[in-house]
Trainee: 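First the structure, which I've put down as structure tokens, then a few questions once you've had a look.
Order of appearance sets the numbers: ligands from 1, and atoms from 1 within every ligand. Note that this is a predicted model, so its numbers are computed, not measured. We're numbering straight along the sequence, starting at 1.
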Amino acid sequence: MALCKRRGFIYQASEIYGGINGFWDYGPLGSQLKKNLREAWWQDMILRPCWGRSGPNGAPVRCVPVETRIVQHPKVWEASGHIAGFNDPMVDCRETKGRYRYDHVMVYVPESGDPGDKPVFAYVGDQPSEARQKKKAEKTFGAGAIKSVPLASFPQPWGRIIAPDAEKPGSLTEPRQFNLMFKTYIGALATEDDVAYLRPETAQGIFVQFKNVVDTTRVKVPFGIGNVGTSFRNEVTPRNFTFRSREFEQAELEFFCHPDESVAWYKFWRDFRMEWWKSIGLAGDNLILREHEKDELSHYSQGTSDVEYRFPFTAPGFGELEGIAHRGNYDLTQHQKVSGAKLEYNDTERGELLPNGQRRGERYLPHCIEPAAGLDRGVLALICEAYTKDESRPSPELLKLHPRLAPIKAAVFPLVAKDGMPEVAETLHTELTERFWRQGAIEMDEKQSIGKRYARMDEAGTPFCFTIDGDTLTGQTVTVRDRDSGQQQRVGLDKVGDFLAAKLGL
Ligand code: GAP
């Protein structure tokens, strides 16, 4: 977090006003990193889906984009089930007015589990309340004679519980449902009739426009519709940096297919999404694909998997990065029912073959496979994975970001600010910027020692630095320094662009 702040990746939102809980801003490096992640998703999911591979039907995967609004008709959220069911159970503190997610609260109880007429001490993991309540519990039940259990498994009565930041027993209310959607009002009157919601997911915008996309483009099932944008959830306890924010960005695809092919497509997307996260730098055993158990699945789903990453704050456990869900035809069914619009697809490649050789067409509500990724969690995972401490270096911190994602692609340094080196560096910098600006920034830096300049670029995650030195002037070669190994090699001044292009996979 310190490096993110210091180098302009991520700042607290409204920091000069004391911050606002659950909201984060991106600085110059962070916003470019996030843009690179968004574009990588767009390129590999929409422009050239699955790197040009064929799907389980043997044909190339086809996807189109939409961009739908944050505010939709409130009936959208009625149909999707978010008004009735998008709730988290929470508990309130009567003393401090604090609010906690019920499933995040733990209690310290005596080893036997039965506190008798003594109080039990509630806390939230990794918060100051954890150590404070532990001390009090040990004073009450004896050092080493306590254990912690989830609040949900603590038997009544609630009158015995001391809330995480409170003093008195009975300070915690029983759990109540709390709807996570942000409410707003449309128009000047702002009456209850004007209530609208900020979308809690981008997915519903896709279902609502499904018919328009089918009617106005030449897509044919199977095909996908992608939507990228901001979503809002009034999380009860935002925490773990940007991991659980109240405003965040999603990149979601709804892939529509015939019911008979849906399980094959589900497996295809699940495996591709895992491979994709690996391809942009989340390699190794920090990434897992967790298939949900049968009893975790919604009634309409034939499978859900999460791509999970071992974040430093979840380790040794994992936190969700993306969910890949088989949603059946639940959403289209719901929207058809609530809106009254006919959303069936007429599949002219299936259905009864008529005597004239044409097909009658099979009408059905397509089934849907949904890979739903979070871009803020993606950025956080990329930074966590890239963050490396190499004590053999004078400035040990570096970010080993994948070149495709790195916000700065390369830096050009004159070894010293004299002898014509700045001029050569400036020319190379301009040349590289002209060629690579679509991919990201090329920096030029001539301040401070060369070691400090390398260290600055290491922290920013810049994969390559090109240094103009005495040999450049005589032999027309430059030093290339590789961020990860720290090793240097020489390439021709006129070959620097091609060298970088090859490293960026262009
Ligand atoms: N349409 C399905 C859907 O929204 P989800 O699992 O609730 O599924 C998808 O969200 C992804 O959005 C998650 O895997 C996560 O990366 C991201 N996400 C969800 N809630 C978030 C939050 N409060 N803060 C940051 N990212 C979040």
Trainee: Just jot down the ligand 1 atoms closer than 4.0 angstrom to any heavy atom of Gly374, in number order.
Mentor: 11 (C), 12 (O), 16 (O), 17 (C)
Trainee: Could you tell me the residue and atom name of the protein heavy atom closest to atom 11 (C) of ligand 1, and the distance to it rounded to 0.1 Å?
Mentor: Ala372 O, 3.7 Å
Trainee: I'd like to check which ligand 1 atoms, numbered from 1 as shown, lie under 4.0 Å from a non-hydrogen atom of Leu321.
Mentor: 14 (O), 16 (O)
Trainee: Honestly, is Arg38 close enough over Trp41, meaning NZ or CZ under 6.0 Å from the six-membered ring centre and within 45° of the axis?
Mentor: no
Trainee: For atom 15 (C) of ligand 1, what's the nearest protein heavy atom and its distance?
Mentor: Arg377 NH1, 3.5 Å
Trainee: I need the atoms of ligand 1 closer than 4.0 Å to a non-hydrogen atom of Glu252, numbered in the order shown.
Mentor: 1 (N), 2 (C), 3 (C), 4 (O)
Trainee: Any idea which atoms of ligand 1 are less than 4.0 Å away from a heavy-atom of Glu370?
Mentor: 1 (N), 2 (C)
Trainee: With a cutoff of 4.0 Å, is Asp376 in contact with ligand 1, counting heavy atoms of the residue only?
Mentor: no
Trainee: So if I count the atoms of ligand 1 from 1 in the order they appear, which ones are less than 4.0 Å from some heavy atom of Glu235?
Mentor: 22 (C), 23 (N)
Trainee: With distance as the sole test, does Asn21 use its side chain to make a donor-acceptor pair with the main-chain N or O of Arg239 at under 3.5 Å?
Mentor: no
Trainee: Please say whether Ala373 places an N or O atom under 3.5 Å from an N or O atom belonging to ligand 1.
Mentor: no
Trainee: State the atoms of ligand 1, each with its element, that fall below the 4.0 Å cut-off from a heavy-atom position in Glu322.
Mentor: 14 (O)
Trainee: Could you list the atoms of ligand 1 found under 4.0 angstrom from a heavy atom of Glu320?
Mentor: 6 (O), 13 (C), 14 (O)
Trainee: Would you call the rings of Phe255 and Trp265 parallel, tilted or perpendicular if under 30° counts as parallel and over 60° as perpendicular?
Mentor: tilted
Trainee: So, Asn286 and Glu385: side-chain donor and acceptor under 3.5 Å apart, yes or no?
Mentor: yes
Trainee: What atoms in ligand 1 come closer than 4.0 Å to a heavy atom of Ala203?
Mentor: 1 (N)
Trainee: Using a distance-only test with no angle check, is there a side-chain donor-acceptor pair under 3.5 angstrom linking Glu362 and His258?
Mentor: yes
Trainee: Give me the residue, atom name and distance of the protein heavy atom closest to atom 18 (N) of ligand 1.
Mentor: Phe248 CE1, 3.5 Å
Trainee: Please determine if Phe243 has a nitrogen or oxygen closer than 3.5 Å to a nitrogen or oxygen of ligand 1.
Mentor: yes
Trainee: Side chains of Asn227 and Thr68: do they bring a donor and an acceptor to under 3.5 Å?
Mentor: yes
Trainee: For the 3.5 Å polar cut-off, considering only N or O atoms, please tell me whether Arg233 and ligand 1 meet it.
Mentor: yes
Trainee: For atom 10 (O) of ligand 1, grab the closest protein heavy atom and report residue, atom and distance to one decimal in Å.
Mentor: Gln250 NE2, 3.3 Å
Trainee: Between Glu192 and Tyr185, is there a side-chain donor-acceptor contact under 3.5 Å, judged purely by atom types and distance?
Mentor: yes
Trainee: Can you tell whether the side chains of Glu397 and Lys389 come within less than 4.0 Å, N to carboxylate O?
Mentor: no
Trainee: Are any of the side-chain nitrogens in Arg327 or Glu254 under 4.0 Å away from the carboxylate oxygens of its partner?
Mentor: no
Trainee: Look only at interatomic distance and state if Pro200 has a nitrogen or oxygen under 3.5 Å from any nitrogen or oxygen of ligand 1.
Mentor: no
Trainee: Please confirm whether Trp24 and Phe248 have ring centers closer than 6.0 angstrom.
Mentor: no
Trainee: Determine whether the aromatic ring centres of residues Phe318 and Tyr309 are separated by less than 6.0 angstrom.
Mentor: no
Trainee: So, regarding Arg327 and ligand 1 (criterion: nitrogen or oxygen to nitrogen or oxygen, under 3.5 Å), is there a contact or not?
Mentor: no
